[in-house]
Amino acid sequence: MACAKKKGKSQKIRVDFRKNRAGRTRGDADLTRDVQQERFQEDETLKEERIRGKGAIFRQRTIHVEENAAGPAGETLLAKDALASQLRVAEDARPGVVLRVHGLNTLVEDAATGRLYRCAVRRLLRTLATSHRHVVVTGDSVLFRPVDAESRDSEYAPHDPDFTMETLPEGIIERVEARHGCLCRTSRGRLHTLVANIDQAILVASAAAPGLKPNLIDRMIIMTEKMGIRPVLCINKADLVDKTRLMPLLGMYARMGYASLLVSAVTGEGVPQLCQLLKQPGVRSVVTGQSGVGKSSLLNAVEPGLNLLTREVSEENEKGRHTTSAAQLIKLTGGGYVVDTPGIRQFELWDVVPAEVANFFRDIRPYCSLCRFPDCTHTHEIDCAVKEAVEENYIDARRYMNYCQIMAGDVVGGRESEEDFELEIEQG
Ligand code: GDP
Ligand code: ZN
C-alpha cells in the first residue's frame, strides 16, 4: 500500500473475486478448461494487483486505477465496468479492435498494422466481469500486448470456412475501453452486450415483397436513438415499385435529419451510395431489418466476397452453441466494418419505457415542452401541443398514430406487433 501512496497517481479499489476465482471444489473441476485458461495467464503484469488473504468467503483484491478514474468515492464499487477501461496496462500495449470472440479466444486486429492476433483476456479483467457474461465482446476497442513476435500472419477471411485462429500470433488483452453504441439482448432477465461501439445502423426495408412497413421503420429508428447509433434508412427493391410513390415517405424521414437511400440489390441502383456510407475508415455498421428485405443481397453487392457469410452463421446456429458470441466484425475492402450476428438481424423494442418514447420521435420531441401538463403523455390529455401539431399537419399523422400504438404498450417490452401497417406502393 505504501508504494501506491508514493506514486500518488493511483487510486485503490477493492473488488470482489468472481466465483471462478474462489477455491474450486472437486465436483465442478473442468481440467481441460483450466489448462486452457491458465495457458495464457500472464500474472507478471499484475504486480499492482494484490490478493488479500481474507478467507474463502470475503475474498477481494486491491487494484490500482488511474487517478480520478472511477469518479467520486461512493461510485467506485458500482463502476466496475468503467473501471475495466481505466486499469493500468503494460507500456507496450497497443490499440486493437475485437473482431470476434470465440470461447476463450478473441480475434483482435491491431489498429495500426491490421495484423491479427489470437488473444486471451487478462485475468483481472475477467475478475471484474460480474455484470456481463463476456468481459470482451465483438467491437470492443482494447489495448493488447502481443506475447510472441513470431510472424504467423494469416489473411482475415471471415467467409473462409478454413479460417482458424489457431495459427495466429498470440496476445493478451489488457484493457477494454469504455463502450458506446452497444447492441444488446436480454435473456433470462439479464442484459447481454452482443456487439459494442457500433457507429451506424443500416435499417433495411423493402419497397415491396415484403411490403414497406413504416411503423417498423419507426421502431428501428427508436432503437438506434436509444442506443446512440446513427440510423441510415435504406429502402431496397426499388426496382419493384414506382419510385415517385416512395418520395413522400423518404422526404419525411429526410426532414427529420435521417439519411435515407433508395437502393436495389438487383439493379445495383443506390449501391455505390451505400458503399460510400459503409466503407469509411473505422466506421462500424450493423445491417438490420426484417427477414427477406434483402440484407444479405445488399451486403453481397457491397462486398462480393461475402457470399458464404450467411451460410457460415446459420451453421453456427445449428450447432446451438456460441449463439451470443457468434457476432463478428467483418472488415470491408476500402475501410469500415459490418457486424454480422443472427441475434441482431432484427431490432426489438426492449427496455424502452413509455416516458422516453416521445424523446425518440424527433418530430414529436420539439412540441413536448409546450404541453399544458409537464408529464403529458400526448395521448389523452387536454391542451397537448403534440396533438395540436398533428392537427396542423406539422407532425405526420401516421407517425403520431404509431407513437400512440407504442405508448399503448403494444410494442414496448420486446414484442413486435403482428398486424403491422403496410404502405401500399404501386408496383412499377
Ligand atoms: P435478407 O433475409 O434480408 O438477408 O434477404 P435476402 O438478401 O436473402 O433477400 C430475400 C429475397 O429478396 C431474395 O430472393 C433476393 O433475391 C430478393 N431481393 C433482394 N434484393 C432485391 C432487390 O433489390 N430487388 C428484388 N426484386 N429482389 C431482391
Ligand atoms: Zn402533450
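Values in this document were obtained by computation on a predicted structure and should not be read as measured data. Order of listing sets the numbers, starting from 1, for every ligand and every atom in it. For the single chain, residues carry numbers from 1 onward in sequence order.
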Can you sort out which atoms of ligand 1 are near S291, meaning under 4.0 Å from one of its heavy atoms? 2 (O)

At less than 4.0 angstrom from any non-hydrogen atom of K295, what atoms of ligand 1 do you find? 1 (P), 2 (O), 3 (O), 4 (O), 5 (O), 7 (O)

Given that the side chain starts at C-beta and the backbone is N, CA, C, O, which of these parts of L240 lies under 4.0 Å from ligand 1, counting heavy atoms, or is it both or neither? side chain

I want to know if ligand 1 touches G292 in the polar sense, i.e. an N/O pair below 3.5 angstrom. yes

Does ligand 1 have a heavy atom under 4.0 Å from the side chain of V266, from its backbone, from both, or from neither? both

Is S296 in polar range of ligand 1, meaning some N or O pair under 3.5 Å apart? yes

Quick one: does K295's side chain have a donor or acceptor within less than 3.5 Å of a partner on Q290's backbone? yes

Do the side chains of R255 and D363 get close enough for a salt bridge, i.e. N-O under 4.0 angstrom? no

Closer than 2.8 Å to the Zn ion (ligand 2), do we get an N, O or S atom from C371, backbone or side chain? yes

Taken to the nearest 0.5 Å, the spacing of Y403 OH from D396 CG works out to 15.5 Å

What atoms of ligand 1 come closer than 4.0 angstrom to any heavy atom of V293? 3 (O), 5 (O)

Considering only N, O or S atoms of H378, the one closest to the Zn ion (ligand 2): ND1

Compute the angle centred on the Zn ion (ligand 2) spanning SG of C384 and SG of C376, and express it rounded to 10 degrees. 110°

Can you tell me if K237 uses its side chain to pair, donor with acceptor, with the backbone of A209 under 3.5 Å? yes

Indicate yes or no: does an N/O atom of A238 lie under 3.5 Å from an N/O atom of ligand 1? no

If the cut-off is 4.0 Å to any non-hydrogen atom of D239, which atoms of ligand 1 fall inside it? 22 (C), 23 (O), 24 (N), 25 (C), 26 (N)

How far apart are the C-alpha atoms of Q273 and V263, what are their side-chain angles, what is the distance that settles it, and do they pass the side chain to side chain contact (heavy atoms under 4.5 Å, CB included) test? CA-CA 9 Å; Q273 286 87 333; V263 301; over 6 Å; no

How about Y258 and R362: does a side-chain donor come under 3.5 Å of a side-chain acceptor? yes

Between N197 and Y337, is any side-chain donor less than 3.5 angstrom from a side-chain acceptor? no

Test salt bridge (charged side-chain N to carboxylate O under 4.0 Å, His left out) on R372 and E381; report intermediate values, then the result. CA-CA 9 Å; R372 173 160 164 190; E381 294 88 346; over 6 Å; no

